[in-house]
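First comes the structure, then the notes that go with it.
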Amino acid sequence: MNAPGEADLRALILRADEAIVGLRAITDAAVRADVAERALGAVNAALYDAMAARASWADFRDATDRARAGCAEALAGLQETESDDPRVAQTLHRIAWLLRELAHVRPPVTDEPGPIPPPEVPLRATLARPRLLCPPRRSIAAAVPLAEREPLEAPAPPTAPPMPLAPGAASAEAVLARALAAAAAPAEPPPPEPDPEPVVVTSPDDLLFGEAISEEALQARRTRDLAEELGAMGRMRRHDDALPWKHGEETERRLLTRVDALVAIGSSAFVEMVRMLEERPLADPELAWALLMVLGSVGGADTAAALRRTLLALELDDPDVEDYPDVIADALAHAPHPGVRAVLAPWLESPEPHRRRVAHAALGMRRELSLEEAVRGANDTTVEVAVSCVRAIGSMEGPVAAGLLYGPLADARPQVARAAMICAVQHRYEVGLRAAIHRCETGLASEAGAAMIVAIGGDHPRGRQILLDAATREATPVTMRALGWYGDVAAFEALVNGLDADEDTARAAWSSLERITGAELLADDVEPEYEEDDRPFLRKRSTPTVFPFSEGCADPEAWRAWWKAHGPLARADVRYRFGRPWAPTDSIAEMRAPVSTQAIRLYDHLDLCARTGGRVPFEPHAFLSRQHALLGLWDTHVGSVDAGLGRWPTRYVG
């Protein structure tokens, strides 16, 4: 704690934040926590104004005076009702400390930049991906969503005093008679109400359903509409492995315009969004995502503090919202604020698993997780934390020792082992392939997706035999799909037999037949005709099959008849992809195809890593402009290596 006369403004701000967040823990419904919250919010904003007043003693004095007044108001609000709640006493102690230290605080003497970046005038629109905005503004008032409380009971109306006896009255009956006579007398008319102040309407926006409203009410309504839309769009754009990767392109454009609009409204929008969270009877992860995204898009120390307060107020362990930590991590991963790392760093070692889950996932996607932190997190008891850390290691550009992956590769949790095998391929370490081969040979080809790792990184012909043996032992969607990605026509009969299995396995077998042959065999046309230069196994380019399984041919005999007609054109020593000898450019083309899902794009990415030696990261969570830029890097890399047409090249480094 700072000594009197040496109180540091940053310590005061931290204590004010603690006091505001602490209000959520007060359980006594009679205590006016809402009054204290608004007063402390003004104190927090005044302290940031004081920190910014580096060249003006008068401005500094005005800011600290406002902070002291806010502390006094908060103290009065909390003490309005006596309470035995110990959290009330704790908050009163914090506020009293603030009030005492404010009497001694001095302007900061430092060369550090102020808490609010210089404004960008005019404010430019956000395009393509989130960016840090610096609108002209003052410090924002701190706010947190308070717990729902029962409304205070209105006090009973005061009882009228007994009517005194009139002088000389002989009895109470006389008094009663006089009162009844007074009641029967005509009452005097009440004074007329003053005419309301005229409201000047200057634009159609000043009218709501034909009634004039104030500017504050209009901005609040706009904020609520924009926040609801932003939260919904945040949900829509989050990647889903089963959806086409470009499904969120228009959503992202509209999402960024909502962020711009909320920032343009100003500080009142931040407070209004907190009030919206406060009103929700249940957890609302979409609205929380919107609030964090907006706060994280505005530069300044006060917005970083607001991020911290909001995170502390969210009940991330709500059992009714299983993906709450993932939603919050997604918001923080995209928020361009440079202070996100400092906000989340303490959570990396939190005893609460949901906080560790948010911190590791968000910092991993931001590529702000150090190697030491990621390795430590890879051994976390919470599976989501371990997976996030292994994925973060896979996206790191610097050297990563292969030995660091031995533990995750041997992890009993399939999700962690799968992430470790993928990570090894991304760093071009053969240890991931060896682990996958071992799993396939011991009856675990489907668990953790081991067969797929062999398919995209195995050599020839050993990889073919491993996958065929695995498909014989366990005909599952994973083993069927792996045969198609490996691309050897020797798997044709095994895949045709897979069409007679359960629906999921049959779907995977059909998909693999199309992936190898590009036959485009429809259920109602089992004798397709092809152009001369577009015949399977001779075509000039591979084109991903786009029609669904429900329209394709799943009849084994029809496929065998097709193979009898076109199979002689295939070569046994060629890796095929949609009826053409595979080339790295085919994988890039499929990653670009609008119909490709993120699950498909991941394996195309791993194909390129293992077989061309590329180290371009895979970021399915990123905004599409970033993903397009990464594909451009793959174009450059593939243009500098041997095409390896129709072969199974591997380029491991250890």
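Residue indices begin at 1 and follow the sequence shown.
- Of the possible donor and acceptor atoms, one in the side chain of R575 sits under 3.5 Å from a partner among the backbone N and O of Y486.
- Within a 6.0 Å sphere centred on CZ of R418, heavy atoms belonging to other residues, nucleotides or ligands number 12 at most.
- Taking each heavy atom of A359 and L348 in turn, the nearest pair found is CB-CD2, 3.8 Å.
- Using modelled atom types and a 3.5 Å distance limit, the side chains of R356 and T382 yield a donor-acceptor pair.
- Under the 3.5 Å distance criterion, with hydrogens and angles disregarded, a donor-acceptor pair is assigned to the side chains of S587 and W582.
- With no hydrogens or angles considered, a side-chain donor-acceptor pair links T126 and D260 at under 3.5 Å.
- Note on ring orientation: taking the six-membered ring where Trp is involved, the planes of H427 and Y429 are parallel (angle under 30°, cut-offs 30° and 60°).
- Aromatic ring pairs are classed by plane angle as parallel below 30°, tilted from 30° to 60° and perpendicular above 60°; the pair H460 and W648 is parallel.
- The main-chain N or O of A509 is never found under 3.5 Å from a side-chain atom of S512 such that the two would form a donor-acceptor pair.
- Within the cation-pi definition used here (under 6.0 Å to the ring centroid, within 45° of the axis), R237 qualifies as a partner of F623.
- The minimum heavy-atom distance linking V425 with C609 is given by the pair O-CB, 3.8 Å.
- With hydrogens and angles left out, the side-chain atoms of Q598 and R601 include a donor and acceptor closer than 3.5 Å.
- In this structure, W510 has its ring center closer than 6.0 angstrom to the ring center of F547.
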